[in-house]
Amino acid sequence: MTDPHGFLRTPRSPVPARPADQRLGDWREVYAGQALLPLVSAQANRCMDCGVPFCHSGCPLGNLIPEWNAYAAHGDWRAASDRLHATNNFPEFTGRLCPAPCEDACVLAINDDPVTIKNVEQAIADQAWEHGWTPPLPPVRHSGRAVAVIGSGPAGLAAAQQLTRAGHTVVVYERDDRIGGLLRYGIPAFKMEKVHLDRRIAQMQAEGTVFRTDCDVGGRLDAAALRSRHDAVVVAVGATEPRELPVPGRELHGIHQAMEYLTCSNRAGEGDTEAPALTAAGRHVVVVGGGDTGSDCVGTALRQGALSVVQLDINPEPGPERRDTEPWPVHPKVYRISHAHEEARDRDGADPRVFSSATVHFEGDAAGRVRALHLTAVEPAARRPLPGTDRVLEAGLVLLALGFSGPARASHLEEQLGLVRDARGGFARTPDFAALAPCAQGPPAPSGPGPAPAPGGVFVAGDAGRGQSLVVWALAEGRAAAAAVDRYLTGTTALPAPVRADDRPLTA
């Protein structure tokens with residue numbers, strides 16, 4: 001166990017990022033080259049070994065956090081890696097990308113600063129790769145069953161690895177030219193360098209998973225024909241249909257969806273182009289949308305040499321403390337500063353975000369290019385414009401980061417696989433991840449004993465069914481969907497199922 005007095009003796013101390021002015025000069029991760037281990041071991045020693053570890057409930061993967069904290073505190077990184085990988089296929093992804101709801105659910109967070117769980121997780125995962133503790137784990141025997149996984153984001157990769165290790169022949173179909181989905185083209189390298197993704201893909205290939213790129217299932221590749229060649233199909237195409245901003249001037253040049261912009265930047269980082277086709281260099285940039293995608297756009301624009309960057313958030317500025325309506329152990333809406341916001345602050349001292357603001361219309365020049373954005377303050381509750389609060393922001397590039405409303409509407413997966421959409425725009429499914437057929441519309445019945453009711457052997461995992469969510473939920477769904485597929489194919493399964501499709505994060 002950890003030091004029973006560690007949390008009393010040692011204050012919380014997250015791993016410091018590189019100085020903002022230094023990291024703005026490259027695309028390396030914000031923690032690149034930092035000496036983590038001594039600091040991380042001391043922080044892991046703050047874990048209370050509490051009787052009921054609520055961090056397990058805060059994390060949908062059910063990560064065995066107190067166990068690997070104890071091993072990390074004593075410097076037994078191999079044992080820590082074994083416990084970490086027991087519940088998480090890709091901890092180096094979550095250790096970098098997850099907002100750590102487990103920390104908000106830490107028992108220490110009731111009246112103190114929580115354990116730096118995310119830093120500990122990343123350090124363990126990195127140690128595992130550095131020392132070769134993550135070898136390929138090919139199956140001992142093959143089942144003779146074939147599974148197609150459509151989409152290679154975190155949910156698809158997790159499902160594919162679990163099913164391959166269970167002995168099934170798994171082929172992952174990706175519409176882009178490289179494997180990784182959002183991890184490849186949506187996440188900037190300064191948050192996660194692509195080497196972490198590439199070596200996991202190499203591990204999966206060594207285990208027997210087959211990857212097919214440039215396969216637009218539902219488009220050039222008929223999904224029904226694909227289904228006929230496999231014993232089961234997992235649909236893990238993510239939620240990629242962007243929300244629009246229907247205001248006057250939206251048609252002007254220079255207004256783009258955030259994911260279009262981030263993809264251009266990441267493709268340049270992969271070496272496809274010498275410079276991104278869409279760049280913020282020399283422009284005043286306005287990002288509309290206050291979430292993580294918007295923050296990624298801020299950091300990317302700063303590195304590209306934007307003249308200025310402003311991020312608009314329709315929500316009011318959160319306070320520094322939990323509200324009574326968001327008590328421990330839920331993940332609260334509190335004032336948080338991302339590394340990108342910190343970098344913008346470092347340039348001019350001001351937070352780049354403008355809260356409680358809404359875009360009214362765009363203004364263009366004679367050539368039809370955006371040159372200004374008109375906004376207004378809004379009432380916090382009703383989000384109605386407040387008279388007399390109109391402002392004008394100079395804008396040469398506007399990026400819309402308003403979230404997503406389900407799988408891409410242009411895809412023909414629905415008709416080709418017989419899928420239906422739920423009220424939120426995702427593909428409807430049972431609690432056991434089986435796709436609902438058109439004749440079975442309505443709320444799914446509670447799952448009962450026995451094999452999952454999978455119409456046609458089609459399953460839906462990740463954001464394609466849940467809607468846009470966290471990477472940790474995508475991994476949990478991929479693992480759970482793999483268990484459902486394995487049970488469908490064999491009548492039983494030993495694969496873990498950490499969540500059901502209808503599970504939701506902790507709420508008050």
Side-chain angles (χ1 to χ4, degrees), residues 17-34 90 92-98 122 125-126 129 151-154 156-157 172 174-205 211 213-214 238 240 242 254 256-283 285 287 289 291-307 309 311 338-344 347 397 399-401 471 474:
R18 293 186 293 144
D21 58 346
Q22 180 186 118
R23 61 184 192 256
L24 279 175
D26 59 44
W27 293 88
R28 300 290 310 283
E29 288 180 10
V30 296
Y31 298 110
Q34 303 293 74
F90 315 122
E92 66 274 27
F93 299 172
T94 51
R96 288 170 166 81
L97 304 177
C98 183
Q122 179 181 335
D126 289 349
W129 280 106
S152 67
L157 291 178
V172 178
E174 169 58 51
R175 67 177 178 178
D176 282 325
D177 58 339
R178 292 183 178 90
I179 295 297
L182 183 69
L183 297 170
R184 175 71 66 185
Y185 289 128
I187 301 296
F190 58 80
K191 287 182 70 173
M192 189 183 82
E193 294 178 21
K194 306 312 174 187
V195 61
H196 306 295
L197 178 59
D198 291 337
R199 63 191 180 190
R200 279 296 180 185
I201 293 169
Q203 179 199 49
M204 294 177 65
Q205 288 175 320
F211 293 100
T213 56
D214 293 308
T240 58
H256 301 269
Q257 289 291 343
M259 203 52 62
E260 176 189 356
Y261 170 69
L262 292 174
T263 297
C264 284
S265 175
N266 278 308
R267 284 193 175 279
E270 294 279 5
D272 290 352
T273 57
E274 186 173 339
L278 179 59
T279 180
R283 296 181 181 179
V285 179
V287 180
D292 287 343
T293 301
S295 172
D296 292 346
C297 290
V298 171
T300 300
L302 291 172
R303 283 163 175 77
Q304 290 179 344
L307 296 178
V309 184
Q311 183 178 7
S338 74
H339 293 297
H341 298 146
E342 182 185 82
E343 292 157 3
R347 287 187 11 159
L397 175 65
L399 303 172
L400 306 181
V471 62

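The existence of a salt bridge linking R23 and E342 is confirmed by a sub-4.0 Å separation between a basic side-chain nitrogen and an acidic carboxylate oxygen. A salt bridge is absent between E29 and K191; no separation between the charged side-chain nitrogens and carboxylate oxygens falls under 4.0 Å. Salt-bridge check for D26 with R18: passed, with a basic side-chain N closer than 4.0 Å to an acidic carboxylate O.
Listed by chain and residue number, P154, A155 satisfy the side-chain contact (heavy atoms from CB on, under 4.5 Å) test with A474 (two or more places apart in sequence, or in another chain). Remark: N266 pairs with no residue by the side-chain hydrogen bond (donor to acceptor under 3.5 Å, both in side chains) rule, at least two apart or across chains. C98 is linked by a side-chain contact (heavy atoms from CB on, under 4.5 Å) to T94, P101, V471, V472, counting only residues two or more places apart in sequence or in another chain. Partners of D198 according to the side-chain contact (heavy atoms from CB on, under 4.5 Å) rule, which considers only residues two or more places apart in sequence or in another chain, are R184, K194. For A280, the side-chain contact (heavy atoms from CB on, under 4.5 Å) partners at least two apart in sequence or on another chain are Y261, V285, A301, Q304, A306, L397. Every residue meeting the side-chain hydrogen bond (donor to acceptor under 3.5 Å, both in side chains) condition with R28, not counting sequence neighbours, appears here in chain and number order: E193.
Looking at E260 and L399, their side chains never come closer than 4.5 Å, going by heavy atoms from C-beta outward. The closest side-chain heavy-atom distance from F93 to M192 is below 4.5 Å. The side-chain heavy atoms of H256 and L278, taken from C-beta on, include a pair separated by under 4.5 Å. A heavy-atom distance below 4.5 Å is not found between the side chains of V309 and R283. With contacts defined as side-chain heavy-atom distances shorter than 4.5 Å, the pair T300/F190 qualifies.
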Problem - Derivation of the side chain to side chain contact (heavy atoms under 4.5 Å, CB included) call for Y185 and L262 - result: CA-CA 7 Å; Y185 289 128; L262 292 174; over 6 Å; no
Problem - CA sep, side-chain torsions, deciding dist, call: R178, D272, salt bridge (Lys or Arg N to Asp or Glu O under 4.0 Å) - result: CA-CA 11 Å; R178 292 183 178 90; D272 290 352; 2.7 Å; yes
Problem - From CA spacing to verdict: side chain to side chain contact (heavy atoms under 4.5 Å, CB included), L97, D292 - result: CA-CA 10 Å; L97 304 177; D292 287 343; over 6 Å; no
Practice task
Report the C-alpha separation of V298 and R303 in whole Å, then their side-chain angles, then the decisive distance to 0.1 Å, and conclude whether the side chain to side chain contact (heavy atoms under 4.5 Å, CB included) test is met.
Solution key: CA-CA 9 Å; V298 171; R303 283 163 175 77; over 6 Å; no
Problem - Residues R347, L302; criterion side chain to side chain contact (heavy atoms under 4.5 Å, CB included); working and verdict - result: CA-CA 10 Å; R347 287 187 11 159; L302 291 172; 3.6 Å; yes
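Using a distance-only test at 3.5 Å, with no hydrogens or angles considered, no donor-acceptor pair links the side chain of R200 to the main chain of H196. T293 places no side-chain N or O within donor-acceptor distance of the main-chain N or O of A401, the cut-off being under 3.5 Å. The backbone N or O of E92 sits less than 3.5 Å from a side-chain atom of R96, completing a donor-acceptor pair.
Within a 6.0 Å sphere centred on CG of D176, other residues, nucleotides and ligands contribute more than 12 heavy atoms.
Side-chain contact, Y31 with D126: no donor N or O sits under 3.5 Å from an acceptor N or O.
Taking SG from C297 and CE from M259, the interatomic distance works out to 7.5 Å, rounded to the nearest 0.5 Å. Note that the CG atom of L157 and the CG atom of L197 stand 7.0 Å from one another [nearest 0.5 Å]. A distance of 6.0 Å separates OG of S295 from CD of Q311, quoted to the nearest 0.5 Å.
Shown here for A275 and T273, the closest heavy-atom pair between the two residues is O-OG1, 3.0 Å.
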